[in-house]
2 protein chains.
Amino acid sequence: MSTALNERSRKILEAIIEDHIASAEPVGSRAITRRHGLGLSPATVRNVMSDLEEMGYLAAPHTSAGRIPTEKGYRFYIDSLLRIRALSPQQKERIRRYYRRRGLRADELLREAGRVLSNLSHYTGIVMAPQFTTSVFRHIEFVRLSQGRILVIFVAENGLVQNKIIESGEDLNQHDLEQMHNYLNRTYAGLSLAEVKKRLLREMSQDKAQYDRLLGRSMRLFQAALKGEESRELFIEGFSRMLEQPEFSDLERMKRLFKAFEQKSLLVEFLDKCQNSQGVQIFIGSETDYRDIEGCSLITASYSSAGGTIGTLGVIGPTRMAYSQVIPIVDYTAQLMSQLLESDLE
Amino acid sequence: MSTALNERSRKILEAIIEDHIASAEPVGSRAITRRHGLGLSPATVRNVMSDLEEMGYLAAPHTSAGRIPTEKGYRFYIDSLLRIRALSPQQKERIRRYYRRRGLRADELLREAGRVLSNLSHYTGIVMAPQFTTSVFRHIEFVRLSQGRILVIFVAENGLVQNKIIESGEDLNQHDLEQMHNYLNRTYAGLSLAEVKKRLLREMSQDKAQYDRLLGRSMRLFQAALKGEESRELFIEGFSRMLEQPEFSDLERMKRLFKAFEQKSLLVEFLDKCQNSQGVQIFIGSETDYRDIEGCSLITASYSSAGGTIGTLGVIGPTRMAYSQVIPIVDYTAQLMSQLLESDLE
DNA sequence: GTTAGCACTCCCGTGGATTGAGTGCTAATC
DNA sequence: GATTAGCACTCAATCCACGGGAGTGCTAAC
């Protein structure tokens with residue numbers, strides 16, 4: 001009952017977890033000896049399993065069922081047992097092919113990534129789009145919609161487009177608006193939006209007087225367009241895959257999970273917290289600390305552009321997930337998104 | 001056994017359907033006499049029910065259960081028994097209040113409509129966005145993304161924004177692009193996109209030679225931006241409401257339904273066919289001729305702008321739907337969308 | 001330390017038996 | 001002739017007992 005696991009226990013734990021991932025059923029001692037023939041009898045395996053349960057890596061649904069891994073079991077499996085094979089060039093090529101279609105807008109690209117993640121993993125794909133404020137500003141455009149209502153269109157360097165309606169106190173005609181956005185484009189293109197905000201603030205207060213009416217108004221409009229909380233877009237694709245998982249044949253549970261997905265905001269918040277980490281992150285069950293998706297694991301990776309991470313994508317599935325297959329897919333997809341979003345720059 | 005229904009049969013049919021809508025259970029003869037006390041004994045009601053079954057308005061799941069309405073029964077109910085009360089001014093005001101938030105973009109407005117439809121009806125709300133080609137052209141903008149890749153942004157009179165990436169053979173700098181879209185905006189604003197297409201074609205062939213290089217290129221770019229199939233956006237909101245309906249406690253069925261929603265394209269196709277009809281349309285069960293949503297009914301209405309219908313919205317729920325409540329909500333929401341999308345014009 | 005053997009536990013499927021809601025029919029009643 | 005009370009019948013759903021099977025834990029032998 002030493003707390004460290006010896007080679008044999010690890011082998012058995014691994015075998016149990018892998019069998020359970022494949023079958024979704026509790027795994028018994030005989031099944032292990034049959035399928036993994038470690039040169040041990042069922043009785044021996046039973047003793048080891050009993051120890052593993054004692055240590056919290058396994059649990060028994062009831063006396064005469066086999067064992068299923070606990071979250072601690074999965075955690076150990078992922079940290080110590082799992083070896084991830086990098087994708088072969090062929091596999092990478094196969095994934096890349098999904099994105100080959102030309103003329104895909106950035107948002108379409110991200111949604112497509114969600115679909116691909118779902119299809120390849122057989123779970124649900126999630127992609128959080130970049131926060132606009134972290135992007136590099138490329139272009140702004142004002143279009144007068146009606147008395148006092150102006151449509152603002154931003155374009156970021158990575159090709160993401162966002163639009164917004166602002167209400168300006170005074171009515172501005174389209175010609176003035178054009179002059180205004182021309183000025184803004186000349187002045188601020190190439191800066192990050194955060195920087196734009198800062199400069200805007202400085203310039204407006206510092207030398208306010210020096211600017212003529214038009215420029216002052218341009219800046220005020222820009223500022224109005226930039227302010228306000230910004231909800232990040234989240235693409236969730238392939239939820240129906242979840243319906244295929246036996247663990248969600250419980251309707252009540254399904255319903256909760258679905259509502260969580262429909263809500264999105266909590267998931268966005270969570271992914272936002274993941275965003276600053278490098279590489280693939282794995283959250284098993286309650287490790288997400290997010291009750292509605294109980295029984296699920298989350299594999300995420302962030303994608304980046306121009307140095308910083310800008311968004312997060314991943315796969316959400318039951319804790320009993322085929323981690324070894326999903327992890328490299330998520331990893332590579334994140335790399336790919338970084339490349340593809342970058343490629344709009346020359 | 002005459003084929004026409006007398007007053008008494010109609011009353012009983014109505015009572016059965018309304019009870020069934022409320023309870024989702026087969027309705028028995030005693031329940032009718034108890035809850036609707038028509039001054040008849042259960043035995044009499046049984047005789048009538050038997051006739052109604054004979055005529056195809058009711059069906060019995062098995063010998064000793066009550067009766068449930070058939071699609072024919074619902075159809076008769078809707079066509080002949082149901083009287084719809086128009087919404088009271090208070091109810092209308094309550095609905096309008098949902099849209100009072102300012103600065104809502106057209107697409108946000110439509111999605112919000114889906115949510116509101118879902119919340120008020122307790123079923124799933126669907127909103128098909130206007131087809132861009134039928135909109136009135138207000139503004140176009142070209143933004144150079146990279147070597148040969150141009151982002152095109154369209155704005156329609158109703159405030160809808162669409163963007164697209166086109167690949168131009170030659171590399172154009174941003175300054176040229178601006179001149180081009182300025183020209184296009186001056187020339188074509190206010191026309192419907194269909195008309196723009198036509199004029200573009202005519203002008204390009206007729207007096208091709210007369211145009212200078214820039215104008216010719218502008219038109220070619222515009223044309224490139226307009227071509228290609230256009231997938232209509234469809235907002236489906238509140239699917240989780242379906243999970244609450246007892247008829248979908250069958251997992252297999254749920255799954256089919258969900259996949260149908262995830263697919264969207266068939267639903268778009270179907271709604272597209274509804275679009276040219278006036279007023280509220282109701283499709284009961286297999287009347288949609290769309291197998292995946294079997295057991296569901298669809299209540300739709302089209303919203304319009306500048307005379308023509310531009311999109312369709314509605315509610316999808318089980319055939320056992322609270323028609324009398326949902327119909328006026330769908331009707332009024334469609335009217336409201338017409339108004340709200342119009343209000344961008346002065 | 002490992003393993004064979006065995007008693008024990010518990011889930012699950014099967015097959016009556018029972019219950020209850022509801023029907024259809026018949027004969028009596030209005 | 002329409003309506004209704006009464007009654008036999010049907011069928012799904014529920015409960016319960018039972019047996020089989022999978023799996024465990026313990027003990028004693030290797």
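As the structure is a prediction and not an experimental result, all values here were calculated from the model. All values below were derived from every heavy atom in this structure, side-chain atoms included, with hydrogens, water molecules and symmetry-related copies excluded. Here is how names work: the chains are called A, B, and so on, in the same order as the sequence lines, proteins then strands, and each is numbered from 1.
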Participant: Where does the chain A footprint on DNA chain C start and end, counting 5' to 3' with a 4.0 Å heavy-atom cut-off?
Facilitator: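 Going 5' to 3' along DNA chain C, contacts run C:dT2 to C:dC11.
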Participant: Which residues pass the side-chain hydrogen bond (donor to acceptor under 3.5 Å, both in side chains) test with B:Y74, not counting sequence neighbours?
Facilitator: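 Counting only residues at least two positions away or on another chain, B:Y74 forms no side-chain hydrogen bond (donor to acceptor under 3.5 Å, both in side chains).
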Participant: How do B:H62 and B:V45 order along DNA chain D: which one's closest nucleotide is nearer the 5' end?
Facilitator: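 Nearest nucleotide further toward 5': that of B:V45.
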Participant: Figure out the CZ/P separation between B:R30 and D:dT4, and round it to whole Å.
Facilitator: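 It is 14 Å, rounded to the nearest whole Å.
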Participant: Let me know, please, whether A:N47 or B:N47 comes out on the 5' side of the other along DNA chain C by nearest nucleotide.
Facilitator: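 Closest to the 5' end, via its nearest nucleotide, is A:N47.
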Participant: Any chance the side chains of A:E237 and A:S118 put a donor and an acceptor closer than 3.5 Å?
Facilitator: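 Judged by distance alone, the side chains do not pair up.
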Participant: Is there a donor-acceptor contact under 3.5 Å linking the side chains of B:E18 and B:Y77?
Facilitator: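 Yes, B:Y77 and B:E18 have a side-chain donor paired with an acceptor closer than 3.5 Å.
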Participant: Check step by step if side-chain hydrogen bond (donor to acceptor under 3.5 Å, both in side chains) holds for B:S286 and B:E71.
Facilitator: CA-CA 8 Å; B:S286 62; B:E71 292 185 7; 2.8 Å; yes
Participant: Could you check whether A:S64 gets within reach of a base, just the sugar-phosphate, or nothing at all, counting any heavy atom under 4.0 Å?
Facilitator: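 Since a base atom lies under 4.0 Å of A:S64, the category is base.
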Participant: Answer with base, sugar-phosphate or nothing: what part of the nucleic acid does B:T63 contact at a heavy-atom distance below 4.0 Å?
Facilitator: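 It contacts sugar-phosphate atoms only.
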Participant: Heavy atoms only: give me the nearest A:V326-A:S121 pair and the separation to one decimal.
Facilitator: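 In terms of heavy atoms, the two residues are closest at CG2-CB, 3.9 Å.
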Participant: Taking atom C1' of D:dT10 as reference, at what distance in whole Å does atom CZ of B:R67 sit?
Facilitator: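 It works out to 13 Å between those atoms.
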Participant: May I ask you to establish whether B:R241 and B:Y123 are in a cation-pi arrangement, using a distance under 6.0 Å from NZ or CZ to the six-membered ring centre and at most 45° from the ring axis?
Facilitator: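 No, B:R241 does not sit over the ring of B:Y123.
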Participant: Rounded to whole angstrom units, what separation is found between the CD atom of A:E25 and the C1' atom of D:dG21?
Facilitator: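 These atoms are roughly 14 Å apart.
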